[in-house]
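These notes are about the structure you will find just below.
Throughout, protein chains are lettered first and strands after them, A, B, ... in sequence-line order, and every chain is numbered starting at 1.
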Amino acid sequence: MKTKILQEDLIYEILSAVEEIPEGKVATYGQIARLTGREKNARLVGKVLSMAQYYGSYPCHRVVNHAGRLAPGWAEQRFLLEAEGVAVKDNNSVDLKKYQWNC
DNA sequence: GGTGTGACTTTAT
DNA sequence: GATAAAGCCACAC
């Protein structure tokens with residue numbers, strides 16, 4: 001992490017937390033938000049995370065919502081998760097019980 | 001500098 | 001189990 005493309009520390013922390021998610025695991029937005037220091041920032045994480053790709057290449061595909069559902073309108077996320085060994089259901093959701101990141 | 005907005009979460013019905 | 005509503009906060013425009 002040397003290239004400081006981000007001007008906002010919040011985004012930087014969010015992306016850092018996302019990068020800590022091990023392969024084959026997923027984390028919820030709320031969890032990321034909690035790691036960043038704000039439990040209520042879950043919505044921010046989602047929005048900011050979407051832009052995260054614009055800021056740089058981050059494994060935002062490992063982040064899902066509390067129901068384990070993937071981002072709507074983002075079919076590629078499913079493919080990326082499956083590539084890491086995460087079983088994605090037909091309804092674009094994952095088993096949080098098995099794949100949720102143990103923080 | 002104010003407004004709209006969202007890839008969420010939780011609680012309540 | 002599903003649906004509804006409220007809360008929440010920083011980013012983009």
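Rounding to the nearest 0.5 Å gives a distance of 15.0 Å between CG of A:L49 and CZ of A:R43. Considering OH of A:Y99 and CZ of A:R62, their distance stands at 14.0 Å, rounded to 0.5 Å.
Between C:dC9, B:dA7, B:dT9, one nucleotide has an atom nearer to the side chain of A:W74 than all others, and that is B:dA7. For A:I11, taking side-chain heavy atoms from C-beta onward, the closest of the listed nucleotides C:dC11, B:dA7, B:dT9 is C:dC11. Comparing C:dC11, C:dC9, B:dT10 by their nearest atom to the side chain of A:N41 picks out C:dC9. Checking B:dA7, B:dT10, B:dG6 against the side-chain heavy atoms of A:R43 singles out B:dG6 as nearest.
Each of A:A42 and A:K47 was matched to the nucleotide of DNA chain B holding its nearest heavy atom; the match closer to the 5' end belongs to A:K47. Toward the 5' end of DNA chain B, the nearer of the two residues A:E39 and A:A52, judged by each one's closest nucleotide, is A:A52.
Residues A:C60 and A:Q77 approach most closely at O-NE2, 4.0 Å, considering heavy atoms.
In this structure, A:Y12 places its OH atom 19 Å from C1' of C:dA10, rounding to the nearest Å. Summarising the geometry, the separation between CG on A:L44 and P on C:dC8 is reported as 13 Å, rounded to the nearest angstrom. Atom OH in A:Y29 sits roughly 19 Å away from atom C1' in C:dG7 (whole-Å rounding). Rounding to whole angstrom units, CG of residue A:N65 and P of B:dT10 are separated by 11 Å. Rounded to whole Å, the distance from CD1 on A:I14 to P on B:dC8 is 13 Å. Across the protein-nucleic acid pair, A:L70 atom CG and B:dC8 atom P stand 11 Å apart, rounded to whole Å. Taking atom CZ of residue A:R34 and atom C1' of nucleotide B:dT10, one finds them 11 Å apart after rounding to whole Å. The distance between atom CZ of A:R38 and atom C1' of B:dT10, rounded to the nearest whole Å, is 19 Å.
At the phosphate of B:dA7, neither OP1 nor OP2 sits under 4.0 Å from any side-chain N or O atom of A:R69.
By the 4.5 Å heavy-atom criterion applied to side chains, A:V26 and A:L96 are counted as neighbours. Using a 4.5 Å cut-off on side-chain heavy atoms (C-beta onward), A:Y58 and A:V63 make no contact.
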